[in-house]
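Heads up: the structure comes next, in structure tokens.
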Amino acid sequence: MLTLALLLIGSHQTWAQANGKCGFVPTQEMIQRTLANKAAAENGLALDFRDGETYVPIKFHLIAKLDGSFRVDESNVFEALCYLNNAYIDQGIQFYIYQGFDYINNDVAWDFPEDNLFLMNSRKEARAVNIYIGNKAETPDDPSPGTTLAYYNPGYDWIVCKRSEVNGGSSTLAHELGHFFSLLHTFNGWECSPWDDEIHGNPVSSTTAPCPSLEDGDPVDVELADGSNCETAGDFLCDTPADYNFGLFDNGDCIYNYNCMDPSGNSMDPMENNFMSYFGNCASYVFTEEQEGLVAADLASRSILDTDFTPIATEIEGVPTLNYPVDGENVAYNTVAFNWTPVDGADRYILEYDIDQNFSLLAQEIIVWGTYKSVEGPFLENKEYFWRVRPLNAYYGCTSYSEKGTFMTTDAVAVKEVQEVNAFQVMPNPVAAGNDLQVNLDVNTGFDGQVILRSLDGRTIFAKEMAFATGSNVEFIPTQNLSAGIYMVSIVTQTGVSTKRVVVGN
Ligand SMILES: [Zn+2]
């Protein structure tokens with residue numbers, strides 16, 4: 001029993017579950033950039049650059065399969081943006097979505113974006129940070145343990161992230177942006193081989209780190225616990241204590257719980273809640289002052305980023321009120337028109353609907369630039385639907401959804417055209433509210449029916465019984481008291497319905 005226990009303690013990698021990891025590998029060039037930024041920060045060069053908040057553009061590339069399925073939800077991207085802006089706000093850095101999302105439908109790129117480098121390159125936005133979100137971020141032939149959640153590729157200067165890491169609770173993108181701004185892991189040099197006393201000894205037996213951190217150069221020195229070689233070892237920063245990748249096998253409590261000693265025999269005391277460590281589930285993460293100095297210096301050196309943006313509002317408070325469909329109302333036809341009240345500061349909204357009241361079954365999300373959207377479905381027939389709306393802008397993602405509303409779909413497509421009608425015209429279209437709509441019908445066989453004007457949510461506004469005669473028929477529909485919007489004019493008989501849409505303007 002004792003032997004087994006020792007074995008288990010001695011070789012934690014054989015049984016512990018690895019946390020997710022980052023696939024970033026620093027190149028020689030990247031290290032040079034890190035060191036140059038460090039020198040600039042120490043000389044105070046970056047401080048002159050900025051005055052107030054700097055808004056850093058991010059181009060999010062949302063990759064789906066070819067048929068458009070399995071794309072990350074836009075609402076999750078906004079939640080990730082909210083997390084990022086909280087993570088960087090004390091550095092005066094805020095991120096915003098650069099000119100909308102880039103939607104990519106490609107099976108190869110969806111599974112692993114860099115399998116389609118040509119496509120990634122063709123969609124890259126030079127003036128923004130590029131983040132490609134696909135199904136996974138596993139780099140090929142990576143021998144080190146753990147699932148890759150994301151990485152920054154210093155050669156292409158872009159970030160690849162697994163879609164499950166894009167949400168309001170994950171620190172992954174904040175970590176990757178740290179790399180984008182030239183930060184190394186606090187455990188630089190230990191990525192490929194986290195400390196294990198059976199492999200590296202205890203005290204650690206080598207003074208050089210195990211992984212070829214400089215791609216074509218020598219490994220960095222092992223950083224000592226007393227900080228005596230902090231300028232030249234590990235991540236080259238002195239306010240991030242030595243770490244030998246203890247976080248990868250951490251049990252998710254954000255507490256260093258090994259008894260590792262550095263090559264000098266001193267006990268380790270890593271900084272668990274540093275954004276650039278691997279410790280998981282910390283209540284919050286921070287960057288150190290020196291890390292922030294590098295970020296500022298790197299940002300100052302990136303003159304091509306479009307940082308002139310000022311958001312339309314710093315925050316969005318409040319949520320929309322849902323106007324229509326009116327709660328619980330039947331909605332005819334296969335098109336549903338949605339409308340809600342505007343919210344200050346929002347220039348776009350996420351409209352979400354589902355037959356599940358928790359929006360977790362067939363939830364559809366649509367970004368709407370405004371407060372009205374007519375959706376062509378497909379909607380299921382004879383179902384209760386739930387819907388809600390979330391206000392947003394390019395910069396502010398920390399918003400809530402409205403209260404949810406409901407509507408019922410009726411027999412959506414059980415509509416036959418009226419056989420007796422040769423031609424059906426409604427004019428003028430658009431019509432100014434207050435003017436009559438003229439309905440012209442050319443009929444091949446006389447019939448009895450109705451002329452009906454409805455709003456898109458199915459309410460009947462005007463209805464008149466008519467005996468249509470063979471030949472030309474004209475009827476007028478008043479439009480007084482109609483608010484601007486889209487309406488439907490229908491000819492209804494016992495055998496079918498013919499419908500035209502008309503636009504009523506002010
Ligand atoms: Zn990393």
Side-chain angles (χ1 to χ4, degrees), residues 18-31 33-35 37-38 58 80 83-84 87-88 95 112-114 129-134 136-140 142-166 170-195 209-215 219-220 223 234-237 240-250 254 270-282 285-288 290-292 294-295 298:
N19 292 325
K21 64 173 180 178
C22 159
F24 166 73
V25 179
T27 56
Q28 186 81 34
E29 252 179 17
M30 170 89 185
I31 300 268
R33 181 152 67 93
T34 302
L35 294 175
N37 286 336
K38 186 185 174 203
I58 297 180
Y83 184 104
L84 279 177
Y88 282 81
F95 300 95
F112 174 59
E114 284 195 9
V129 181
N130 288 272
I131 299 180
Y132 295 83
I133 303 167
K136 50 182 199 243
E138 217 67 57
T139 43
D142 178 358
S144 67
T147 302
T148 305
L149 306 179
Y151 60 93
Y152 166 63
N153 184 327
Y156 289 101
D157 197 33
W158 62 43
I159 289 165
V160 172
C161 188
K162 203 175 155 66
R163 67 194 169 108
S164 58
E165 286 303 299
V166 179
S170 168
S171 59
T172 298
L173 280 178
H175 171 109
E176 299 307 331
L177 277 153
H179 289 313
F180 178 87
F181 291 123
S182 79
L183 298 185
L184 305 173
H185 290 132
T186 52
F187 50 87
N188 185 43
W190 293 82
E191 283 85 350
C192 69
S193 181
W195 176 77
C211 310
S213 180
L214 309 183
E215 201 179 45
V220 291
E223 188 172 2
D235 63 0
F236 309 110
L237 301 181
T240 55
D243 185 341
Y244 305 156
N245 199 352
F246 300 118
L248 186 64
F249 288 97
D250 178 62
C254 189
M271 181 178 179
E272 292 94 333
N273 69 338
N274 190 287
F275 271 114
M276 303 314 289
S277 85
Y278 274 179
F279 284 92
N281 298 323
C282 299
Y285 291 87
V286 293
F287 293 107
T288 64
E290 288 186 36
Q291 286 176 321
E292 294 184 357
L294 261 65
V295 170
D298 196 74

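The model shown is predicted, which means the values in this text are computed figures rather than measured ones. Order of listing sets the numbers, starting from 1, for every ligand and every atom in it.
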### Message
I'd like to know if the side chain of Ser170 and the backbone of Val166 have a donor-acceptor N/O pair within less than 3.5 Å.
### Response
no
### Task
Check salt bridge (charged side-chain N to carboxylate O under 4.0 Å, His left out) between Arg163 and all other residues, then give those that pass, not counting sequence neighbours.
none
### Message
Main chain of Glu223, side chain of Tyr244: is a donor-acceptor contact present, judged purely on distance under 3.5 Å?
### Response
yes
### Summary
Atoms listed for the Zn ion (ligand 1) (protein only, N, O or S, under 2.8 Å, no waters) are Cys22 SG, His175 NE2, His179 NE2, His185 NE2
### Listed partners of Lys136 passing side chain to side chain donor-acceptor pair (under 3.5 Å), at least two apart
Asp111
### Message
Go through it in stages, so that I can follow the logic: the residues are Asn37 and Ser182, the test is side-chain hydrogen bond (donor to acceptor under 3.5 Å, both in side chains), and I'd like the CA-CA distance, side-chain angles, deciding distance and then a yes or no.
### Response
CA-CA 8 Å; Asn37 286 336; Ser182 79; 2.9 Å; yes
### Task
Output all residues satisfying side chain to side chain donor-acceptor pair (under 3.5 Å) with Asn245, sequence neighbours left out; order by chain, then residue number.
none
